[in-house]
Structures are given as structure tokens and as C-alpha cells.
Protein chains: 2
Amino acid sequence: MSVNSTIYDIAAEAGVSIATVSRVLRGERSVSPATREKVEAVIARRNYRPSSIARGMTSKTTHSLGIVLPKLLNPNYAMIFTGAYDGARRHGYSMNMFPWKSLTDQRSTPALLLAERRLDGVIICLEYLPPEENERLMRSLQELRQYMPIVLIGCVPAAFEYPTISYNMADIARSTVEYLVGLGHSKIALIGGVEADRDDLRRDVGYRQGLEEAQLPYVDSYRAYCGGTAEEGAAALDQMLSSLLPAHWPTAVIALNDLVAMGCQDTARKRGLRLPEDLSIVGCDNLFCAPYLIPALTSIDTHQQLLGQKAVELLLSGETRRENAAWTLVRRDSCAPCKSGEPAFRTAGY
Amino acid sequence: MSVNSTIYDIAAEAGVSIATVSRVLRGERSVSPATREKVEAVIARRNYRPSSIARGMTSKTTHSLGIVLPKLLNPNYAMIFTGAYDGARRHGYSMNMFPWKSLTDQRSTPALLLAERRLDGVIICLEYLPPEENERLMRSLQELRQYMPIVLIGCVPAAFEYPTISYNMADIARSTVEYLVGLGHSKIALIGGVEADRDDLRRDVGYRQGLEEAQLPYVDSYRAYCGGTAEEGAAALDQMLSSLLPAHWPTAVIALNDLVAMGCQDTARKRGLRLPEDLSIVGCDNLFCAPYLIPALTSIDTHQQLLGQKAVELLLSGETRRENAAWTLVRRDSCAPCKSGEPAFRTAGY
DNA sequence: GAGAAAAATGTAAGCGTTTTCATATAATTC
DNA sequence: GAATTATATGAAAACGCTTACATTTTTCTC
């Protein structure tokens, strides 16, 4: 199949040495115009392209980066990947996707699957893992970083000394509460995330802070934990409503992400709640379908594509700083002013 | 950064030749257990991993495939990619994504961007292109195939002698019409696709065939062309409705894909139509959000992930057959029996 | 236990580039 | 026009593996 000529063929046909061909190839200017032209003609005629493999042998840099993602099917990750891909491309790098497993599953030498490819750097998208798995991951990371630069994406413990791009989750949660409080809500639920997740801990911090600033009590039954899918979101809200007297039902829900928000819409509707009159919902990630849900979903746009791009920039820059990514609240129709007069659970103390 | 040992280091430390190390590495059985153990110990201790680059130099096969997609952001393509990725992985290959541009944009030697990477094969996802661009693409393909096996995905002209996995678009369209006719509809619109697209021609063929079988006339104003986004779908339907007297409005719409269907829902709602009573809508691709639209969208599930996987299988098999991919109609709430009694436009002839 | 066959290991030549260093050629200088 | 410097080119050694072939060691066989 490989009808490909080598640099030797070109050299022979052009009547020069391979060194000269190589120089022409890489645009060095120490080649006389006549020779260059001659060589270029042969290259064009034979459709010759240098093998990036062979190039990698000598030049030590493969000009390819990696990104490890939990899964690509989740539209978020597809967006991060796209952003990272574009960023890499802009710098003349290629971008390779690796599934989580490459990092954790390997019995033998984890992480090194990546090392084997001699990537010039890798972006790693962090997600919650149970403690012992997380422990393994940390070790993999340590190991991996001996081989190539690493940039972390997502909510990373401050103790981590890796270059990182993340969201200020606390900030997002706090602002969202603030927004809902501004609409008159006082019974605000937070749905999604793993209870033990550091990430969500920070979300929780912001949530509590927002409530506190509005002089609202933190109500434990308004905090539900669940995975990031629509089904799980639907179940979580359903369970919350079941456990509460309708009078105490939240009037607003902050969902982990848009998928969870979609599930909440579904549950609410099945329960006969009017949206958004009886329940305001805020999602996160601003998926492409958010505007087409009924009611159109208000969501935090986390600019995931940009996130991917910035991760590449950081990776290539070689710096080790931690960066916060921007986000914006996109207001649509899923949030309405709270109608129920007196907020429940408001105690004398507040 | 590259703290990596080479095969020489391992050999030296284990007191054997590099050939032996290589043999241990590749699990050849002509190595005595004692030696193997010794070498493996050193490998483990030094965290050694052979460079896939150097491997590629000799073994001619890089164990990496490519897939070129119009864009990854579209959830469909993300699914195809995921499927292809998994398929490749299962066979021990890696999968690299390339944007369309790698194939067409290049002034100099198109296609060869891919050749440069010495892929073991490439999957190409076809999409409509205006004639002259398409011409260029065809040439790129011809050129590219000299270097590596190619598999095409999507609706490819029968004249193409490439191995292909595609949908029988005519079949899908015909069945969809049949389904809607079964619900009593006779004013069935088809929205989406490029007028000049071969692909959609086949869709059109099925559409017409379905109408014919139901003894319904083909009405030109029920056929609108547009791109594959929600916005374009919304605009297309809006324009169609504007151009028609309400009495002649279609009672059912077959949309190019779910995005277009979402746009149609939007337009219909803005026009004050009740969904699905006044307008039934069928989408295509069965995106994850389809069940959460209001009304939940009936859609053709094209099993895109499977499509990607099958493309890999076909690519690796080396066969040149053309395969048809499976699809299924997923019924949800967006299609209802037609209520308007007498279908318009039905002429004596029918 | 000598000779033959089988198994284990080593040697060295690639693979297709880049790159250093040497060499040949051309352009300067006086 | 000889000496000097700049410029253009070539020869050859890496890069880290695989693999055909040669060689050594072990295991049979009678």
C-alpha cells in the first residue's frame, strides 16, 4: 500500500543528497534557489511527504498532544475536546483523545500507555473518583508527569501543584443562588454531584454562602446528590419531592448540569408542576439543546470549548499557573419570580 | 522531560542483548523463563515503555487509524467518533480525528496530510459539497487511497467503488412517510438537505415513493431545503408556512435530523400550532435530548455509534463490500393521528 | 558421550528522518 | 589573483526499535 517514496528517492531523482532534500523540506534558507526549485519539483511530482514517524525519531518532539476524557459522548466533553483540538492545531500540534481507562485501569504500569506514545504533553480532565481509585490516579499522574507536561482541567484540590484550568465552582453556585434569591426564591434546592466529591464540596460551599448572604437557612433536604445524567437528575428530584410535604417543596432548583436539569423538568412535569411558575430551574453548561427545551433552560455557560483551548495554551506555555475559566449565566425562560408568599423554613433567627 | 530509558538501557541492566529485550517485550516464546523474568524485572523497575514511534519505524504498521469528520461538535459525529474509537481500541488501534479541511483545504497536496501520518487506514465521513469542491474531494480520495485503505461513511453514490457503510436513505424516508400515512396524514412535508445533494436525492426518492404508494401527490411546496441546524430548520418551516394558506399547511413534517426537528417545533409553537395535534414531527438520529423535548420527539435512531464501529471493522477487514447500516423508528409523542378530515391537494387523478 | 536437532541468545542491518561536521564552491577583500 | 570568508552541499552518525541470520547453548537420540 505504501507507495510512498522516501527522502532517498527524492534525493536520487533530484541529483542531490538527502541532507539537501531535508533542508528544502524544512524550509532552511541555506539552499540555493536553483537546487530548491529542482528538489521541490521532484517532491511535487512524486507526491512525496516526509514520514512524521521518522521525523519523530530524531526530533524528539512528536508535535502531538493528548487529552484524557471520561467520555466523549457527553456533549460537554465533546466540546472540550473540540476546543483543545483546535487549540492544538493552531500551534501545529495534533490532539489525541484517550479514555479515562488509560490512566486508571491498567494493572501493570498505568499512565504509561500515554508515555508510550511520546506525546509532547497531555491535558487531563478530572472527575470524581472514589478515594482508593483517586489514590491510584494521583500516583499515575505523578508517574506520568515524569514523562511529559501535564495540565489539569476541572476542579482540582488547591493542594495540587499541577498547572490547572478550572472553574470557581463556589463562585458559580453562589451567584446562581443570588440570582434565584433576586427572583424571590427562598427554597432553593441543589441537585447533583457525588457527596464525597471535592469538586462538589466547593459547589456546596458557594451554595451555602449564597444562602447565608441572603439570610436563608441551609436545609439538608434541599441538597440531593446524583450522577450527571438526565435519568439520575429526574430520580433525585422525584425522591426529594416525595420526602417533602408539598408546602415545603423547593421553588427553585440548581442542577449540576443541563442533563440533570432536563431530568428535573421531566419530573416536575410528571408531578403536575407548572414550569417555570411552580419551579424555577437553572442548568449548567448551556448545551445546544437548552434553548429548545420547554421552558427554554436558563443555564450557566461554561464555555467549554474555550476551556479546552486555554488548556492547550497553558500546556504549551510551560507555565505552572492555575487559571480560572470564565462563565456566564444565560437567562432564558426556566426561571420565574417566586410566587408563594411566605418562604417556608424561615425561622425567627433569620 | 524524557526520562525514558531505551531498550539498550534495559538490555545492559539485565545483562542481555537488545534483541532479547525486544522479544520479551513482544511476548515471543523463544525466551527462557529465567531470562524473561530477569528482563521483566528490569522493565518494571525502570518503568520502561517502548517508544511507539521507533516501533512504527520498523514495523511499517503504526496501529493507528484516522477518521475525518465535518465537525465534532455535532453530537452525531461525536457518536460516530466514539463508536469508531471504541472499535479501533478493541483491535489495539488508536483513532485519530481529522477535520474535513485536511482533505479539501490544502492548496498543495491535499489528502496527504493524512498520508504523512502513516495511518493504517482512514474512515471518511462524507457530506454534501458543492460540485467543484466535491470534484476536488474525489481526487483527494483517489490520491489518498494509494497510501492507505479507506472506508466511506454516509450516503455515497453507488458508482463509488470504495468500501462503504451507509444508510438506505430512500428506505428510511419511505418508511417514515408510511408511518405518517398510517396516522392519517396526507400533507407531509420533508425539510432539510441540500437541493443538489446526491444523498438527499435518495432521501427524496424514498419520500416520493412513500407518497406514491399511499396514492398521495408530491407537492413541491412541501419540500424545503436547508442546512442541518435548528435555526435553519426553524427558518425553513417558517418560510414554508408563510408561503401556504393555513388550510394547506402540512400536518406532518419529516426533518433531516433532530436539530432541524427542534427548530420546527420552535417555529410551530411560535405560530401557535399545537404539538402534536396540529403538526406531527419526525426527527432523525435520536439525540440524547429527543426524549426531553416537548412533545418528546419521535425520531429515527441511526445507531451512529454502531456505525462508527462497523466502519472500523470493515476497514480492518480489508474487504471492499458496501454495507447498509441498521436504523429504527423510535416512537415518542411528537406524532399524532391526523385530525383534519379531507386531505388537501388530493386530486381526482389519485 | 558423540553427533544432530532444537532452543536461546546475540549481531548487525535496516526503517526514514534530522543534524553535526567536513568539504567544495562561490563571493569577497586587499 | 591569492587569501579569506560566506555559502551550498554532502557524508555519516544518530534516534529506538524489529528482525533475519549467525552463533552459542541446551536437549535429544542411539
Side-chain angles (χ1 to χ4, degrees), chain A residues 1-40 42-43 46-64 92 112 115-120 147, chain B residues 1-40 42-43 46-64 92 112 115-120 147:
Chain A
M1 190 55 92
S2 180
V3 236
N4 241 346
S5 358
T6 74
I7 201 170
Y8 283 95
D9 303 326
I10 305 300
E13 193 167 330
V16 298
S17 76
I18 58 163
T20 303
V21 177
S22 175
R23 283 191 267 260
V24 170
L25 241 32
R26 284 166 313 110
E28 275 187 27
R29 43 218 243 71
S30 64
V31 183
S32 77
T35 319
R36 149 160 294 126
E37 205 171 317
K38 197 169 49 179
V39 172
E40 269 168 353
V42 179
I43 290 180
R46 314 254 316 214
N47 255 343
Y48 165 76
R49 287 258 137 164
S51 150
S52 62
I53 296 273
R55 274 195 163 159
M57 276 296 289
T58 42
S59 49
K60 286 294 131 207
T61 155
T62 56
H63 271 261
S64 58
L112 289 191
E116 191 177 338
R117 302 226 144 234
R118 303 298 194 265
L119 268 23
D120 285 349
Y147 297 89
Chain B
M1 192 53 94
S2 181
V3 234
N4 242 345
S5 358
T6 75
I7 202 171
Y8 284 94
D9 303 325
I10 306 299
E13 193 167 331
V16 298
S17 77
I18 59 164
T20 303
V21 177
S22 174
R23 282 190 268 259
V24 170
L25 242 32
R26 283 166 314 109
E28 274 187 27
R29 42 220 240 71
S30 65
V31 182
S32 77
T35 318
R36 152 160 292 126
E37 206 172 313
K38 197 168 51 181
V39 172
E40 269 169 353
V42 178
I43 290 180
R46 314 252 319 212
N47 257 342
Y48 166 75
R49 287 257 135 166
S51 149
S52 62
I53 296 272
R55 275 195 162 156
M57 277 296 291
T58 42
S59 49
K60 284 298 127 206
T61 155
T62 56
H63 270 261
S64 57
L112 290 191
E116 192 179 336
R117 301 224 145 235
R118 303 299 194 265
L119 267 23
D120 286 349
Y147 297 89

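Everything numeric in this text was worked out from a predicted model, so none of it was measured. Order of the sequence lines sets the chain letters (A, B, ...), proteins ahead of strands, with each chain counted from 1. Because only heavy atoms are used, hydrogens play no part in the values below, and waters and symmetry mates are left out as well, while side chains stay in.
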Mind listing the closest non-hydrogen atom pair of [X] and [Y] along with its distance?
| X | Y | answer |
| --- | --- | --- |
| B/G56 | A/I53 | C-CG2, 4.0 Å |
| A/A11 | A/S17 | CB-C, 3.8 Å |
| B/H63 | B/D120 | N-OD2, 2.7 Å |
| B/A14 | B/K38 | O-CE, 3.4 Å |

Does C/dA7 have OP1 or OP2 under 4.0 Å away from a side-chain N or O of B/S32?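 B/S32 to C/dA7 OP1/OP2: no side-chain N or O under 4.0 Å.
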Heavy atoms under 4.0 Å is the rule here; annotate nucleotides 13-25 of chain D 5' to 3' with B where the base is hit, S where only the sugar-phosphate is, and - elsewhere. -BBBBBB------
Answer with base, sugar-phosphate or nothing: what part of the nucleic acid does B/R29 contact at a heavy-atom distance below 4.0 Å?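 Answer is sugar-phosphate: B/R29 comes under 4.0 Å of backbone atoms only.
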Touch check for B/T35, heavy atoms < 4.0 angstrom, all strands: base, sugar-phosphate only, or nothing?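 Here B/T35 touches the backbone only, sparing every base.
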Would you confirm whether B/R36, through its side chain, and B/E28, through its main-chain N or O, come within 3.5 Å as a donor-acceptor pair?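 Flag set: sc B/R36 to bb B/E28 pair under 3.5 Å.
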Value in whole Å for how far the C1' atom of C/dG14 lies from CD1 of A/I53: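 These atoms are roughly 16 Å apart.
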Can you list everything that forms a side chain to side chain contact (heavy atoms under 4.5 Å, CB included) with A/I7? Sequence neighbours excluded, please.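 For A/I7 the side chain to side chain contact (heavy atoms under 4.5 Å, CB included) partners, ignoring immediate neighbours, are A/I18, A/V21, A/S22, A/L25, A/Y48.
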